[in-house]
Amino acid sequence: DSGVTQTPKHLITATGQRVTLRCSPRSGDLSVYWYQQSLDQGLQFLIQYYNGEERAKGNILERFSAQQFPDLHSELNLSSLELGDSALYFCASSVGGALEKLFFGSGTQLSVL
Amino acid sequence: TQLLEQSPQFLSIQEGENLTVYCNSSSVFSSLQWYRQEPGEGPVLLVTVVTGGEVKKLKRLTFQFGDARKDSSLHITAAQPGDTGLYLCAGEGKLIFGQGTTLQVKP
């Protein structure tokens, strides 16, 4: 158990819909990362937050947004969903700092039908 | 754009065999990490290498960082079924991951 909690574990929805994925980092970790994993793209970095502030941005679509709340949990919002958004979405947390170790949650499997 | 290429993409071997997987880039990285991911789970960090030429050992796993810090390798000695999984290398603050090597070790 990494200590990072992601909900829900599975999500099935239709094209055009909007969903919210939730992540609770390990106790004491200030940094949260979001990744998308698909068979053809591998593990792609989406966005990072540190103590409530956006720290780094990857190839995150404009239809996607995220935030980190004062209690440090984070949410990833995916809107106007397309079939190609079907993937595993991972959240990871770390204390923050150089060479920090990332702890990954078990992921949310999103299926867009 | 910094990219990490891993090879081979897929490897199926018998228990007891040795294997090496590679992580290559045309760019220099300040550090590289190796993760292992099992089905239904998130990646788990195995090791971080930071110095060119560095070699780290984790039981039967040996990790090496290239002298020029552009490549890394993972060598597994006497592979066991429990080594089965997806091996990922990551660079530059974990923002860049390779595509991974899927390893299957048959008993």
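In what follows, chains carry the letters A, B, and so on, assigned in the order in which the sequence lines appear, proteins first and then strands, with residues in each chain numbered from 1. Remember, it's a predicted structure, so these values are computed and weren't measured experimentally.
The interface of residues 51-78 of chain B with chain A, defined by heavy-atom distances below 4.5 Å, is empty. Among residues 64-73 of chain A, no residue has any heavy atom closer than 4.5 Å to a heavy atom of chain B.
Counting only distance, with no hydrogens or angles, the side chain of Asp1(A) and the backbone of Gly3(A) share a donor-acceptor pair below 3.5 Å. Side chain of Gln6(B) to backbone of Gly100(B): a donor-acceptor contact under 3.5 angstrom is found. Looking at Thr101(B), its side chain does come within 3.5 Å of a backbone N or O of Pro8(B) through a donor-acceptor pair.
Side-chain atoms of Tyr35(B) and Gln33(B) form a donor-acceptor pair, as typed in the model, at a separation below 3.5 Å. Defined by atom type and a distance below 3.5 Å, a donor-acceptor pair is missing between the side-chain atoms of Glu75(A) and Thr20(A).
Under the salt bridge (charged side-chain N to carboxylate O under 4.0 Å, His left out) criterion, Glu82(A) pairs with Arg63(A), not counting sequence neighbours.
A perpendicular orientation is assigned to the rings of Phe104(A) and Phe90(A), their planes being inclined by more than 60° (bins at 30° and 60°).
Looking only at heavy-atom pairs under 4.5 Å with chain B, the residue among Gln37(A), Lys9(A), Gln44(A), Gln6(A) that has the most is Gln37(A). Counting heavy-atom pairs closer than 4.5 Å to chain A, the top residue among Gly40(B), Gly98(B), Pro43(B) is Pro43(B).
For Leu39(A), the CG atom is loosely surrounded, since the number of other residues' heavy atoms within 6.0 Å does not exceed 12. Residue-environment remark: CD1 (Ile12(A)) stays at or below the threshold of 12 foreign heavy atoms within 6.0 Å.
Screening residues 17-26 of chain B for salt bridge (charged side-chain N to carboxylate O under 4.0 Å, His left out) gives no qualifying pairs among residues at least two apart or on separate chains.
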